[in-house]
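Note that the coordinates shown come from a computational prediction; the quantities given were computed from them, not determined experimentally. Letters go in sequence order (proteins before strands), and every chain restarts at 1.
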Amino acid sequence: MRIERKFRQELGRRLLVWYRAHAADLPWRRSPNPYSVLVSELMLQQTRVAAVVAYYNRWMERFPDLAALAKASEAEVLRSWEGLGYYARARNLHRTAQLLVAEQGGRLPSRAEDLERLPGVGRYTAGAIASLAFGKRSPVVDGNVRRVFHRLFALPEETRADHLWEIAEALLPVPRDCAAHNSALMEIGRTVCMPRTADCPRCPVSDLCRSRGGRISLTRKRSPTRCEESAALIVQGDRTWLEPSLQGRYRGFWRLPMLDTVRMTNLGEACRLSYSITRYRVHLVVFRAEWREKESREGRWVSREELSELPLPIPHRRALDRMTSRPASSSAFPAPHARQAEAVAFPTVRK
DNA sequence: AACACGGGGTG
DNA sequence: CACCCAGTGTT
């Protein structure tokens with residue numbers, strides 16, 4: 001697709017003017033140093049601005065720079081990320097900090113090509129850091145930009161990702177303005193040219209737009225797969241037995257043990273809750289239990305104070321909160337369930 | 001190219 | 001409830 005110089009200049013001007021007037025006041029825009037751009041961009045991967053702000057502020061207080069982050073333990077890093085999801089991002093950010101402190105004098109590279117070699121930094125994030133933090137003439141294509149381009153140029157649904165990157169590159173203005181240019185494209189996608197509704201009257205480039213707010217066709221998804229999971233709540237005094245998650249999505253987290261009726265005695269259902277995770281709908285049932293034989297299990301007894309410092313999957317954190325917080329109540333735990341609940345031996349996944 | 005990865009907000 | 005989000009890494 002050819003882009004006329006005149007079109008490019010007019011579009012660029014409008015974006016910059018609009019952005020100067022409408023840029024949201026976000027914490028990582030206050031002092032755009034490379035580290036704050038790195039942290040915010042990692043947090044913003046597949047995650048909305050509104051969800052990120054509080055995490056970002058706490059993060060910067062706790063890990064103000066690469067050196068502080070590199071020194072932190074993984075548990076501390078994961079606890080700070082808990083609830084934000086996609087925990088590989090946190091592990092990657094931590095590794096990136098350690099790698100840069102160890103080998104690059106604690107400095108981020110400024111070229112997208114070098115940034116992309118860092119763990120957790122792909123094509124989008126590399127371009128974002130290069131342009132936003134270092135003012136480089138690097139394009140960005142994220143979900144917002146993709147949608148804006150689809151509408152702006154009335155692109156066919158099957159448009160290849162490479163083509164979108166070519167367009168993004170071709171539209172870049174002089175280096176000095178690239179940060180604002182890229183931010184403006186994403187900000188318009190986020191606040192004006194939204195997935196379901198395009199608020200064209202508010203859009204600074206609506207008269208240059210080929211589709212004027214047409215709907216982007218939605219890709220249908222398969223319905224969630226139902227799963228069941230049963231966990232055990234084992235209490236000794238004021239401590240709860242937790243086990244480390246050694247692999248999988250919750251690697252590095254602590255969690256309730258899976259109910260194991262061979263080594264545990266099932267004392268009855270304590271609580272149940274459902275949650276969704278990517279394409280699964282999980283029904284979690286927690287049973288109160290006692291050890292018959294604890295040998296050969298990795299884990300530890302955790303007090304309530306320690307509980308607040310260890311990283312836990314949100315569903316397990318919730319279940320624990322529900323079961324162990326009994327304010328203004330003499331008993332620390334819910335009364336035994338009347339009937340002996342039937343044990344579900346192991347979580348089952350039906351495909 | 002398809003899939004896994006988390007949790008919460010929005011209509 | 002369905003859909004989606006400032007993507008990346010693995011298979």
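Distance check on atom P: C/dT11 versus B/dG6 gives 15 Å, rounded to whole Å. C/dT10 and B/dG7 are spaced 22 Å apart, taking the C1' atom of each and rounding to whole Å. When the P atom is compared between B/dT10 and C/dA6, the two are found 12 Å apart, to the nearest whole Å.
Electrostatic pairing of A/Glu295 and A/Arg263 does not count as a salt bridge here, judged by no charged N lying under 4.0 Å from a carboxylate O. Between A/Asp321 and A/Arg318 there is no salt bridge, since no side-chain N of the basic residue sits under 4.0 Å from a carboxylate O of the acidic one. Salt bridge status for A/Glu243 with A/Arg300: absent, with no side-chain N to carboxylate O gap under 4.0 Å. Look at A/Arg160 and A/Glu166 and you find no salt bridge, because none of the NZ, NE, NH1 or NH2 atoms lies under 4.0 Å from a carboxylate O. A/Arg79 has a carboxylate O that lies under 4.0 Å from a charged side-chain N of A/Glu82, or vice versa, which qualifies the two as a salt bridge. Of the charged side-chain nitrogens involved, none lies within less than 4.0 Å of a carboxylate oxygen, so that A/Arg8 and A/Glu10 do not count as a salt-bridged pair.
A close approach under 4.0 Å does not occur between any side-chain nitrogen or oxygen of A/Arg147 and OP1 or OP2 of C/dC4. At C/dT8, one or more side-chain N or O atoms of A/Thr125 fall inside 4.0 Å of OP1 or OP2 (strictly under the cut-off). Taking 4.0 angstrom as the limit, A/Arg279 places a side-chain polar atom (N or O) nearer than this to OP1 or OP2 of B/dA4. A sub-4.0 Å separation between OP1 or OP2 of B/dG6 and a side-chain N or O of A/Arg281 is absent. Between A/Tyr250 and B/dG7, a side-chain N or O to OP1/OP2 separation shorter than 4.0 Å is present.
Protein atom CZ of A/Arg29 is 12 Å distant from nucleotide atom P of C/dA6, rounded to whole Å. We find that CZ of A/Arg249 is positioned 9 Å from P of B/dG7, with the value rounded to whole Å. Remark: C1' of C/dG7 and CD1 of A/Ile129 are 13 Å apart, rounded to the nearest angstrom. Rounded to whole Å, the distance from NE2 on A/His181 to C1' on C/dA6 is 15 Å. Nucleotide C/dC4 holds its C1' atom 15 Å from the CZ atom of A/Arg190, rounded to whole Å. If you measure from atom CZ of A/Arg91 to atom P of B/dC5, you get 11 Å, rounded to the nearest angstrom. Protein atom CE of A/Met186 is 14 Å distant from nucleotide atom P of C/dC5, rounded to whole Å. At whole-Å resolution of the value, CZ in A/Arg89 and P in B/dG6 are 9 Å apart.
Listed by residue number, A/Glu41, A/Leu44, A/Gln45, A/Gln46, A/Arg48 are the residues of residues 40-48 of chain A with a heavy-atom contact under 4.0 Å to DNA chain C. Contacts between residues 75-88 of chain A and DNA chain C, counted as heavy-atom distances below 4.0 Å, involve A/Tyr86.
Comparing A/Val121 and A/Trp28 by the nucleotide of DNA chain C that holds the closest heavy atom to each, the one mapping nearer the 5' end is A/Trp28. Mapped onto DNA chain B by nearest heavy atom, A/Tyr55 and A/Thr278 fall at different nucleotides, with A/Thr278 at the one closer to the 5' end.
For residues 123-133 of chain A, the salt bridge (charged side-chain N to carboxylate O under 4.0 Å, His left out) pairs, not counting sequence neighbours, are A/Arg123-A/Asp162.
Checking C/dG7, B/dG6, C/dC3 against every side-chain atom of A/Arg196, the shortest atom distance belongs to C/dC3. Here the side chain of A/Ile314 is nearest to one of C/dT8, C/dA6, B/dG8, namely B/dG8. Checking C/dA6, B/dG7, C/dG7 against the side-chain heavy atoms of A/Pro315 singles out B/dG7 as nearest.
In the displayed structure, A/Glu293 atom CD is contacted under 6.0 Å by more than 12 heavy atoms of other residues, nucleotides or ligands. For A/Arg58, the CZ atom counts as densely surrounded, since its 6.0 Å shell holds more than 12 non-hydrogen atoms of other residues, nucleotides or ligands.
When ring centroids are compared, A/Tyr280 and A/Tyr275 stay outside the 6.0 Å threshold.
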